[in-house]
> 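Dumping the structure here so I can ask a few things about it.
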Amino acid sequence: MLDINFIRENRELVKQGMSAKGEKDHSIVDQVIEVDEEWRSVVTSIDRLRAESNKKSKQIGELMARGEREEAQALIAETGESKDQLKKLEESKEALQARRESLLYQIPNIPDPSVPVGKTPEENEVFKEWGERLDETWRKPHWELAEQKGWIDFERGAKVTGAGFPFYVGDMARLQRALINFFINEAVGEGYKELQAPYFVNEDSARGTGQIPDKEDMMYEIGRDGFFAIPTAEVPVTNFHRSEILSHDELPLYYVAYTPCWRREAGSYGKDVRGLNRLHQFDKVELVKIVTPEESMNELETLRIYAEGLLEKLKLPYRTLLMCTGDMGFTQSKKYDLEVWSPGQQRWLEVSSCSNFGSYQARRMQLRYRNDKEKIEMAHTLNGSGLALPRIVASILETYQNEQGDVVLPDVLVPFMGKEII
RNA sequence: GGAGGGAUGGCAGAGUGGUUGAAUGCGGCGGUCUUGAAAACCGUUGAGGCUUCACGGUCUCCGGGGGUUCGAAUCCCUCUCCCUCCGCCA
């Protein structure tokens, strides 16, 4: 969430940001400022009343200590009415606070000035394109090849769990493992610290990274124990330092974690969900950075360049999109998407999303650091996929297949697979 | 799952209803001493809010939430987490 004081001082800027992100109605900005003003006046009254009654209690204590019971009783009798008043004020303070919070949760992060203004995905800027897009007509989409080879068992996955929960079989199972190892090794070599994270998180964590309130529909719930199945490793990994005050010489922090990811993907259909294009469970290696505000925009660039490098090592043609304001998402201030070319489908597939959240997540989870002047301020958080597996697999199968229907693996994966052709 | 014990500042650890936001030790920071350092000594050292141009004033926080009381770290309820024992178990 944004800082209420920032909103107060930058009312118009926040409204502009909301409009740029496609929110028509920005009256909540005025509402939240109004509620906050009320809240502050109530707090002032409460403080004053409390100060008075604290003083009285102290006097009562002194009187009791001296054994002057009569005088003490007289003072105790006086305290009754302010107690009722305090209780009422306390209640309205709670209510105002809850209201203010729920309004704050509805105000998105404001886009960085470098982000192109736009409403639809068509207005995203093609920031970079790498490699030759293959377009031979004999190339099969990955699901056909996988079926031919018996590599992915969608039917049995559907029987055992449901649609979108495939089994990977034989070489394909091994390919998953190879990619995960390749990605983690690369990241560790780049200075990221490897974490193995919990696959379920509690409500506070889901709130910290912004999955709730509002987007709880994307997550599977373990209701009985109050957990959520993680939709991305971003959630546990960013929350690793929730409610902490880090020191500036600890920053920047770089983490890498492999986890499965679970997403309900309610409402998806058609070609978007063919084969591996969209699943309810998939594997992803995720990168998370916790940095100082001064560095966060540079860190976003190095994150993007790193993720692009993975695709280049795999020799998969891709393009990088700089997302426009309207297609960027609620909590981000700037975001790049990396899309890999799928020659069997003749379309781009998103395989990584690299975002800077500024202090938006950090404020939610009270992730702070002491700057070099020993002042405490919010850290900045970033994350990026490095990378998501299923669409990479799709692209590998389609890019590296030959006309006989075999797949000649990218060089960098050979050591992990123990063979060159599958 | 059952029984019991615990959770206090960066760390260790006092405190069981009154002037305790919290003794003491360690650590950190500043200083004295010293050519320098160590030791010793002195001082200082939590977070957040409201208010103020500022100085300051004031409120909240002793795992989370609720309650009793004029007053709660201290009493009661509840939840979470940690430890010990029993049970179960990859």
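Order of the sequence lines fixes the chain letters, A, B, ..., with proteins taken first and strands second; residue numbering starts at 1 for each chain.
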> Using whole Å, report how far CZ of R363(A) lies from P of rG48(B).
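Distance, rounded to whole Å: 13 Å.
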> For the side chain of R50(A), counting heavy atoms from C-beta on, which of rU58(B), rU60(B), rC70(B) is nearest?
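So the nucleotide nearest the side chain must be rU60(B).
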> Within the structure, does a side-chain N or O atom of R40(A) lie under 4.0 Å from either OP1 or OP2 of rU52(B)?
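No, because none of the side-chain N or O atoms of R40(A) sits under 4.0 Å from OP1 or OP2 of rU52(B).
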> Quote, to the nearest angstrom, the P distance that separates rG43(B) from rA23(B).
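About 15 Å, rounded to a whole number of Å.
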> After noting the C-alpha distance and the side-chain angles of E308(A) and R304(A), does the key distance pass the salt bridge (Lys or Arg N to Asp or Glu O under 4.0 Å) rule?
CA-CA 6 Å; E308(A) 289 170 344; R304(A) 187 204 87 229; 3.0 Å; yes
> What is the distance, to the nearest angstrom, from the CZ atom on R370(A) to the P atom on rG10(B)?
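Spelled out: CZ on R370(A) to P on rG10(B) is 9 Å.
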> Any side-chain to backbone donor/acceptor pair from H280(A) onto R264(A)? Under 3.5 Å, distance only.
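Judged by distance alone, yes, a pair lies under 3.5 Å.
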> Nearest to the side chain of E62(A), heavy atoms from C-beta on, is which of rU19(B), rC50(B), rG49(B)?
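The answer is rU19(B).
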> Are the side chain of E123(A) and the backbone of T120(A) linked by a donor-acceptor contact shorter than 3.5 Å?
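Answer holds: yes.
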> What integer distance in Å separates L86(A):CG from rU58(B):P?
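Atom CG in L86(A) sits about 17 Å away from atom P in rU58(B).
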> If you pin M64(A) and Q366(A) to their nearest nucleotides in RNA chain B, which one's is more 5'?
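That would be M64(A).
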> What is the distance, rounded to the nearest whole Å, between atom OH of Y369(A) and atom P of rA47(B)?
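Answer to the nearest Å: 16 Å.
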> P atom, rU8(B) versus rG64(B): distance in rounded Å?
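Going atom to atom, P in each nucleotide, I get 11 Å.
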> Is the centre of the F240(A) ring less than 6.0 Å from the centre of the Y255(A) ring?
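Ring centres of Y255(A) and F240(A) closer than 6.0 Å.
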> In whole Å, what separates the C1' atom of rG5(B) from that of rU45(B)?
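One C1' to the other, the span is 34 Å.
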> Distance check needed: rC70(B) C1' versus E71(A) CD, whole Å only.
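After rounding, the gap between these two atoms is 15 Å.
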> What's the CG-P distance between D47(A) and rU58(B), to the nearest Å?
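So the CG-P distance, D47(A) to rU58(B), works out to 11 Å.
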> Going by purine N1 to pyrimidine N3 plus the second Watson-Crick contact, or the G-U wobble pair, all under 3.5 Å, which nucleotide sits opposite rG27(B)?
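Its partner is rU45(B) (Watson-Crick or G-U wobble, both distances under 3.5 Å).
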> Nearest to the side chain of K58(A) - rC70(B), rU19(B), rA47(B)?
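Of the candidates, rU19(B) comes closest.
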> When all nucleic acid strands are considered with a 4.0 Å heavy-atom cut-off, which category describes T79(A): base, sugar-phosphate, or nothing?
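Sugar-phosphate only.
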> Using both distances under 3.5 Å as the test, list the Watson-Crick or G-U wobble partner of rU69(B), or none.
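The base-pairing partner of rU69(B), which may sit in any strand shown, does not exist here.
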> Distance check, C1' atoms only: rU32(B) and rG17(B), in whole angstrom units.
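About 44 Å, rounded to a whole number of Å.
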> For a quick check of understanding: with a heavy-atom distance under 4.0 Å over all strands, which category does I60(A) fall into, base, sugar-phosphate or nothing?
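Result for I60(A) = base.
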> Could you walk me through whether K419(A) and D171(A) pass the salt bridge (Lys or Arg N to Asp or Glu O under 4.0 Å) test, one step at a time?
CA-CA 10 Å; K419(A) 52 175 137 178; D171(A) 283 338; 3.0 Å; yes
> If we take the C1' atom in both rU69(B) and rG1(B), what is their distance in whole Å?
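So the two C1' atoms sit 38 Å from each other.
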> Using a heavy-atom cut-off of 4.0 Å across all strands, would you classify I376(A) as base, sugar-phosphate, or nothing?
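Result for I376(A) = sugar-phosphate.
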> Mind checking the P distance from rG6(B) to rU74(B)? Whole angstroms is fine.
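About 15 Å, rounded to a whole number of Å.
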> For rC85(B), give the paired nucleotide (Watson-Crick: N1-N3 plus N6-O4 or O6-N4; G-U: N1-O2 and O6-N3; both under 3.5 Å), or none.
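Because both required distances fall under 3.5 Å, rC85(B) counts as paired with rG2(B).
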> To the nearest 0.5 Å, tell me how far L63(A) CG sits from Q73(A) CD.
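That separation rounds to 10.5 Å.
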> What interatomic distance, in whole Å, is found between C1' of rU16(B) and the corresponding atom of rG10(B)?
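My reading of the C1' atoms in rG10(B) and rU16(B) gives 27 Å.
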> Look through every strand shown and name the nucleotide pairing with rU19(B) as Watson-Crick or G-U wobble, where both distances are under 3.5 Å.
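Pair assignment: rU19(B) / none.
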> If I pick the P atom on rA12(B) and the same atom on rG67(B), what distance separates them, to the nearest angstrom?
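Those two atoms are separated by 32 Å.
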> Side chain of A51(A) only, please: which of rC59(B), rC70(B), rC50(B) is the nearest?
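Among rC59(B), rC70(B), rC50(B), the one nearest the side chain of A51(A) is rC59(B).
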> Taking CD from E250(A) and C1' from rG10(B), how many angstroms apart are they, rounded to a whole number?
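That distance rounds to 12 Å.
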> Determine the contact category for R368(A): base if any of its heavy atoms lies under 4.0 Å from a base atom, sugar-phosphate if only primed atoms, P, OP1 or OP2 are that close, otherwise nothing.
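Sugar-phosphate, no base atom in range.
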> Could you check whether the side chain of N54(A) and the base of rG71(B) have a donor-acceptor pair of N or O atoms closer than 3.5 Å, going by distance alone?
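A donor-acceptor contact between them is absent.
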> I'd like to know whether K315(A) forms a side chain to side chain donor-acceptor pair (under 3.5 Å) with T399(A), so could you lay out the CA-CA distance, the side-chain angles of the two residues, the decisive distance to 0.1 Å, and finally the verdict.
CA-CA 9 Å; K315(A) 300 200 178 88; T399(A) 303; over 6 Å; no
> In whole Å, what is the span from the CG atom of L63(A) to the P atom of rU19(B)?
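That distance rounds to 14 Å.
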> K93(A) side chain N/O closer than 4.0 Å to the phosphate oxygens (OP1, OP2) of rC50(B)?
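No, K93(A) has no side-chain N/O under 4.0 Å of OP1/OP2 on rC50(B).
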> Between I245(A) and I76(A), which has a closest nucleotide on RNA chain B that is more 5'?
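Final value for this comparison: I245(A).
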